[in-house]
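Throughout, a chain's letter reflects where its sequence line sits, starting with A, and its residues are numbered from 1. Values in this document were obtained by computation on a predicted structure and should not be read as measured data.
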Amino acid sequence: MGANTENKKTTLNSSSQYWLMKSEPDVFSIQDLKKNKTTLWEGVRNYQARNFMTKEMQVGDLVLFYHSNATPPGVAGLATVSKAAIPDPTQFDKKSEYFDPKATKEKPIWFCVEVKFVSEFPHFVSLEEIRKDAKLSEMMVIQKGSRLSIQPVKAKDFQHLQKLGQQS
DNA sequence: GCCAACGTTGGC
DNA sequence: GCCAACGTTGGC
């Protein structure tokens, strides 16, 4: 046998990934995204979520748009990552609730991707429905105490959930 | 409105 | 570096 030079990281980096992103519909809903076409995903102030945006998200990745703090909570539609991470402008804005006095333009702390509307599900997939579906039992969003606002989603889970959402 | 789970802060 | 106190998230 010749040299074994296979590097699994390379394949991982080049393949597109799937995400779940939470938004409170009272603040910004899938209908708002539909109207605006795109939005900067501002206000993420959690390092793990930030690192997903800066290190792993790629333009073209598909996103489950999740309504949190809603009645009921659940996945309302699909979006896609349309621009790679840039410094989150709200960290520099003293009037913003997301202002961070430790951040400077030279050394920004927080980043945001741009997200583009893809579709609103004809069938809203509620958290309860996700919980009851054995096929989706590994999804992070139903794990106890999982509060992360940006979560990776497995391809098989994404595809199954998309199928549920597209039923009319 | 309650509260469990989690993340961050800051004293030591 | 530990960990108690505090703040936030988000389902219910």
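- In the hydrophobic clustering, where aliphatic and aromatic side chains (Ile, Leu, Val, Met, Phe, Trp, Tyr) are joined below 4.5 Å either directly or transitively, V59(A) stands alone.
- In terms of the salt bridge (charged side-chain N to carboxylate O under 4.0 Å, His left out) criterion, K37(A) has no residue partners (sequence neighbours excluded).
- Residues in residues 137-157 of chain A take part in these side chain to side chain donor-acceptor pair (under 3.5 Å) pairs, two or more places apart or across chains: E138(A)-K154(A), S146(A)-Q151(A).
- Every residue two or more places apart in sequence or in another chain that forms a salt bridge (charged side-chain N to carboxylate O under 4.0 Å, His left out) with E128(A) is listed here: K132(A).
- Identified under the side chain to side chain donor-acceptor pair (under 3.5 Å) test for residues 19-33 of chain A, with sequence neighbours left out: W19(A)-D61(A), E24(A)-N69(A), S29(A)-Q31(A), S29(A)-D32(A), Q31(A)-E120(A).
- Helical stems involving DNA chain C, defined as 3 or more consecutive Watson-Crick or G-U pairs under 3.5 Å, span B:1-12 with C:1-12.
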Original post:
In B/S/- notation, 5' to 3', how is nucleotides 5-12 of chain C contacted by protein heavy atoms closer than 4.0 Å?
Top reply: --BBBBBS
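- For R131(A), the salt bridge (charged side-chain N to carboxylate O under 4.0 Å, His left out) criterion is met by no residue, not counting sequence neighbours.
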Could you pull out all donor-acceptor pairs under 3.5 Å where a side-chain atom in residues 94-102 of chain A meets a protein atom, sequence neighbours excluded?
unit_1, atom_1, unit_2, atom_2, d
S96(A), OG, Y98(A), N, 2.9
D100(A), OD1, K102(A), N, 2.9
D100(A), OD2, W110(A), NE1, 2.8

